[in-house]
Novice: 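First, the structure itself, so that you have it in front of you.
Here is how names work: the chains are called A, B, and so on, in the same order as the sequence lines, proteins then strands, and each is numbered from 1. Everything quoted here is computed from the prediction, not taken from an experiment.
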There are 2 protein chains.
Amino acid sequence: MGNNTSRFEKLLVKNGLKRTVPRLQVLEILSGRDSATSQPYLEQVMGKDADRVTLYRVLQAFEEKGIIHKVLDQQGTANYAICSDGCSAHEHHDEHVHFNCDNCHKIYCLDTVKIPALKVPAGFKVAHLNLIATGLCASCSGKVN
Amino acid sequence: MGNNTSRFEKLLVKNGLKRTVPRLQVLEILSGRDSATSQPYLEQVMGKDADRVTLYRVLQAFEEKGIIHKVLDQQGTANYAICSDGCSAHEHHDEHVHFNCDNCHKIYCLDTVKIPALKVPAGFKVAHLNLIATGLCASCSGKVN
DNA sequence: CATTTTAATGCAATTATGTTGCAAATATAA
DNA sequence: TTATATTTGCAACATAATTGCATTAAAATG
């Protein structure tokens with residue numbers, strides 16, 4: 001347990017969630033990574049520490065409260081990343097670009113890149129935008145090709 | 001069978017695929033819809049006419065040949081739409097925007113809307129872009145809200 | 001601090017989803 | 001019409017996700 005613990009505990013309490021071991025574990029793992037983390041990876045890392053079902057429910061609860069957000073990769077697998085501070089259950093601000101590296105398969109949240117405005121046909125009302133770019137990330141583009 | 005049949009038969013032959021009942025059925029269903037069609041929906045409509053496995057394989061073959069393209073919706077479910085004429089096995093041109101209606105859950109391929117160019121951080125190399133907009137489609141935006 | 005209340009976990013069972021191998025059937029070529 | 005190659009459908013298997021419920025743990029209460 002790092003010194004993040006109390007920060008995470010506050011985060012849980014603030015969202016009306018009890019401060020439990022599996023929840024803190026998930027926050028710990030997600031915060032220690034520079035890219036979104038897949039459900040299968042989380043499952044593997046948690047190992048026998050937590051039941052698969054518990055993990056599903058933890059992730060679902062976090063997503064509902066706006067603590068994490070879900071990105072689907074090209075295969076449709078769910079990946080999770082901790083939301084920036086502006087997020088809440090009421091309003092998600094995850095409309096940044098996600099970058100899916102074809103080589104290392106990490107998913108980066110490019111918080112700094114804004115999705116450009118979009119012209120849609122008459123009648124359509126856009127509520128949210130979800131842009132996934134694929135290609136090579138900064139650390140892979142040097143190595144391969 | 002509508003009068004599309006011969007057109008679809010040509011399409012199959014052109015792609016080196018045999019002209020079979022389940023394949024023509026899938027093309028018939030997809031072409032009769034104005035939005036992308038989910039795998040579960042196709043399964044339901046085909047009913048006992050075709051085996052689940054056959055459907056998987058038909059869709060896979062079509063995708064490989066560039067006859068249809070796959071879009072994942074927000075739940076990660078696969079949806080399929082017939083490609084515009086420019087597509088082939090060698091080169092897919094499905095980089096248009098997909099619109100996911102929050103009300104009727106249809107997925108529209110907005111062929112006319114181009115994805116704007118994107119500035120990504122140094123080192124990142126973008127190969128493909130995949131933009132999904134959610135909101136209300138033209139026919140729903142009048143009805144609700 | 002002991003006790004009550006409420007929420008969360010873990011297990012078992014179930015359901016849904018996707019894959020593989022192979023024999024039978026069907027489409028095309030010869 | 002026959003031969004060849006592809007495609008289908010079945011069965012079995014594998015994987016992923018969901019539900020109900022008893023047990024456990026956390027916060028609230030007196």
Novice: Please tell me if the side chains of A/Ile132 and B/Ile132 come closer than 4.5 Å, counting only heavy atoms from C-beta onward.
Specialist: no
Novice: For residues A/Asn130 and B/Gln74, determine if any side-chain heavy atom of one lies less than 4.5 Å from a side-chain heavy atom of the other.
Specialist: yes
Novice: Once side-chain contact (heavy atoms from CB on, under 4.5 Å) is applied, do any residues pair with A/Gln44, and if so which ones, sequence neighbours excluded?
Specialist: none
Novice: Let me test you: for the helix from C/dC1-D/dG30 to C/dA30-D/dT1, what is the angle between the axes at its two ends (five pairs each), rounded to 10 degrees?
Specialist: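 Terminal axis comparison yields 30°.
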Novice: Of the nucleotides D/dA17, C/dT9, D/dC10, which one has an atom closest to the side chain of A/Val58?
Specialist: C/dT9
Novice: Hey, can you pull the residues of residues 37-50 of chain A with a non-hydrogen atom under 4.0 angstrom from DNA chain D?
Specialist: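 Close to the strand are A/Gln39.
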Novice: Nearest heavy atom decides the nucleotide; on that basis, is B/Val53 or A/Gln60 closer to the 5' end of DNA chain D?
Specialist: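 Residue closer to the 5' terminus by nearest nucleotide: B/Val53.
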Novice: Do B/Val113 and A/Pro121 make a side-chain contact, defined as non-hydrogen atoms from C-beta onward lying under 4.5 Å apart?
Specialist: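 Yes; the side chains approach each other to less than 4.5 Å.
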Novice: Enumerate all atom pairs, one protein N or O and one N or O from nucleotides 28-30 of chain C, separated by less than 3.5 Å.
Specialist:
{"unit_1": "C/dT28", "atom_1": "OP1", "unit_2": "B/Arg19", "atom_2": "N", "d": "3.2"}
{"unit_1": "C/dT28", "atom_1": "OP2", "unit_2": "B/Arg19", "atom_2": "NE", "d": "3.3"}
{"unit_1": "C/dT28", "atom_1": "OP2", "unit_2": "B/Arg19", "atom_2": "NH2", "d": "2.6"}

Novice: When you compare the protein's N or O atoms with those of nucleotides 22-24 of chain D, which come within less than 3.5 Å of each other, and at what distance?
Specialist:
none

Novice: Keeping to residues at least two apart or across chains, list the salt bridge (Lys or Arg N to Asp or Glu O under 4.0 Å) pairs with something in residues 38-54 of chain A.
Specialist: A/Glu43-A/Arg52
Novice: Between A/Phe124 and B/Phe99, what is the ring plane arrangement, given parallel below 30°, perpendicular above 60°, and tilted in between?
Specialist: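 Ring orientation of A/Phe124 relative to B/Phe99: perpendicular.
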Novice: What about B/Arg52: does its side chain form a donor-acceptor pair under 3.5 Å with the base of C/dG18?
Specialist: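 When only heavy-atom distances are counted, B/Arg52 does reach the base of C/dG18 through a donor-acceptor pair under 3.5 Å.
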Novice: For a 4.5 angstrom cut-off between non-hydrogen side-chain atoms, does A/Arg23 reach A/Leu27?
Specialist: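 They are not in contact (no side-chain heavy atoms under 4.5 Å apart), so the answer is no.
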Novice: Taking C-beta and beyond as the side chain, do A/Tyr41 and A/Arg33 meet within less than 4.5 Å on heavy atoms?
Specialist: yes
Novice: Classify the side chain of A/Arg57 versus the base of C/dG10 as yes if they form a donor-acceptor pair under 3.5 Å and no if they do not.
Specialist: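 For A/Arg57, whose side chain was compared with the base of C/dG10, there is a donor-acceptor pair (under 3.5 Å).
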Novice: Donor-acceptor check, side chain of A/Ser141 to backbone of B/Gly123, threshold 3.5 angstrom: yes or no?
Specialist: yes
Novice: Do B/Thr20 and B/Leu12 come close enough that some side-chain heavy atom pair is under 4.5 Å?
Specialist: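 No. Closest side-chain heavy atoms not under 4.5 Å.
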Novice: Check every strand shown and say whether B/Arg23 touches a base, only sugar-phosphate, or nothing at a heavy-atom separation below 4.0 Å.
Specialist: sugar-phosphate
Novice: Do A/Val26 and A/Ile68 come within less than 4.5 Å of each other through their side chains, counting heavy atoms only?
Specialist: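 Heavy-atom side-chain distance check fails, nothing below 4.5 Å.
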